[in-house]
Visitor: 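Sending over a structure as structure tokens; questions will come in a sec.
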Number of protein chains: 2
Amino acid sequence: MLTDDLRFKALKHVQDNPQLTQRELAGLLGVSLGRTNYCLQALIEKGLLKAANFRNSKNKRAYMYKLTPSGLREKTALAVRFIKRKELERQALLGEIAELQRELEQQPAEEKA
Amino acid sequence: MLTDDLRFKALKHVQDNPQLTQRELAGLLGVSLGRTNYCLQALIEKGLLKAANFRNSKNKRAYMYKLTPSGLREKTALAVRFIKRKELERQALLGEIAELQRELEQQPAEEKA
DNA sequence: ACCCTTCCGTTCACTCATTGAACAAACGCC
DNA sequence: GGCGTTTGTTCAATGAGTGAACGGAAGGGT
């Protein structure tokens with residue numbers, strides 16, 4: 001489904017290490033090989049990544065996935081959105097925790113089975 | 001799939017308002033009617049909920065879903081687990097935010113297209 | 001040069017959770 | 001009793017996700 005989260009992590013890992021294979025990346029992303037492949041192709045089609053031949057000029061199987069300038073901008077934009085979203089999540093989380101603790105105190109112990 | 005999260009929310013909402021219909025509960029849970037039904041039946045089978053006839057003693061379609069004592073204990077236990085899990089999530093989130101901000105500062109602006 | 005192994009990206013048939021339209025039961029109302 | 005409404009229940013269809021299998025290409029050994 002190519003969520004924002006997956007997109008961001010993919011861009012980030014590729015930037016950190018362009019020589020990652022799809023299998024390695026799949027491991028880092030925590031998704032399957034098939035989905036990783038689909039994700040990379042989508043990013044390439046959008047122009048956010050470019051697949052360069054790794055060693056020489058011939059058709060080779062091992063690629064280097066490099067961020068394009070537009071890919072770098074996209075990653076930065078995603079990061080900004082993430083900070084905002086994560087902050088909101090954190091707020092919600094704190095609220096939930098407070099509510100849970102309130103509930104726990106209301107029902108101190110139900111000893112009997 | 002009946003995740004912990006769904007279980008907890010279901011128990012919570014049912015406790016707050018036992019007269020909820022499955023459709024209303026589905027709306028609160030953010031999942032489909034079918035899944036809500038599946039979830040409720042699973043909770044009933046586990047003895048965490050009991051479906052009481054709403055008004056009179058005859059077979060009626062509208063139920064009241066009440067927490068059993070064991071359901072109350074389960075909900076409390078889930079709450080405890082949630083507090084721990086959510087705290088960990090919060091820590092991870094803070095870490096991520098810090099990392100994202102570091103990245104943003106590293107790449108102040110890519111103006112050119 | 002040749003073969004064989006290994007590693008890569010790519011594909012696609014399968015699985016399985018999820019959905020929501022359709023159905024049946026049971027009520028209130030007239 | 002009849003009708004419309006509301007409820008729980010079912011299940012065919014959908015769609016995302018998986019990972020085994022494939023073919024291409026490099027490397028190593030002889």
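The figures here come from the full heavy-atom set of this structure, side chains too, leaving out hydrogens, waters and symmetry mates. Letters go in sequence order (proteins before strands), and every chain restarts at 1.
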Visitor: Expressed as a whole number of angstroms, how long is the span from A:Met64:CE to C:dC8:C1'?
Guide: 16 Å

Visitor: OH of A:Tyr38: more than 12 outside heavy atoms within 6.0 angstrom?
Guide: no

Visitor: Check every atom of C:dC8, C:dT18, C:dT11 against the side chain of A:Gln41 and return the nucleotide holding the closest atom.
Guide: C:dT11

Visitor: Out of C:dA21, C:dA17, D:dG17, which nucleotide sits closest to the side chain of B:Leu33?
Guide: C:dA21

Visitor: Check the distance between D:dT7's P and B:Gln19's CD and give it to me in whole angstrom.
Guide: 11 Å

Visitor: May I have the distance from A:Arg35 (atom CZ) to C:dC14 (atom P), rounded to whole angstrom?
Guide: 22 Å

Visitor: Any side-chain N or O of B:Asn37 below 4.0 angstrom from OP1/OP2 of D:dT9?
Guide: yes

Visitor: Output the rounded distance in Å from CG (B:Leu25) to P (D:dT9).
Guide: 13 Å

Visitor: Provide the closest heavy-atom pair for B:Gly47 versus B:Thr68 in the form atom of the first, atom of the second, distance.
Guide: O-OG1, 2.5 Å

Visitor: Send over the distance from A:Met1 CE to C:dT18 P, rounded to a whole Å.
Guide: 15 Å

Visitor: Taking atom C1' of D:dT9 as reference, at what distance in whole Å does atom CD1 of B:Ile44 sit?
Guide: 12 Å

Visitor: Verify the neighbour count for atom NZ of B:Lys86: are there more than 12 heavy atoms of other residues, nucleotides or ligands below 6.0 Å?
Guide: yes

Visitor: Among C:dC8, D:dG8, D:dA16, find the nucleotide with the atom closest to the side chain of A:Thr21.
Guide: C:dC8

Visitor: Separation of A:Leu2 atom CG from D:dG17 atom C1', in whole Å?
Guide: 14 Å

Visitor: Within a reach of under 6.0 Å around CD of B:Glu45, are more than 12 heavy atoms found that belong to other residues, nucleotides or ligands?
Guide: no

Visitor: Nearest to the B:Tyr65 side chain among D:dG8, C:dT18, C:dT11, which nucleotide is it?
Guide: D:dG8

Visitor: Can you check the B:Tyr63 OH to C:dA25 P distance for me, whole Å?
Guide: 13 Å

Visitor: Is any side-chain N of the basic residue among B:Arg90 and A:Glu89 closer than 4.0 Å to the acidic one's carboxylate O?
Guide: no

Visitor: Could you tell me whether the phosphate oxygens of C:dC8, OP1 or OP2, come under 4.0 Å of any side-chain nitrogen or oxygen in A:Gln22?
Guide: no

Visitor: Name the closest nucleotide to the A:Arg23 side chain, picking from C:dA22, C:dT19, C:dC8.
Guide: C:dC8

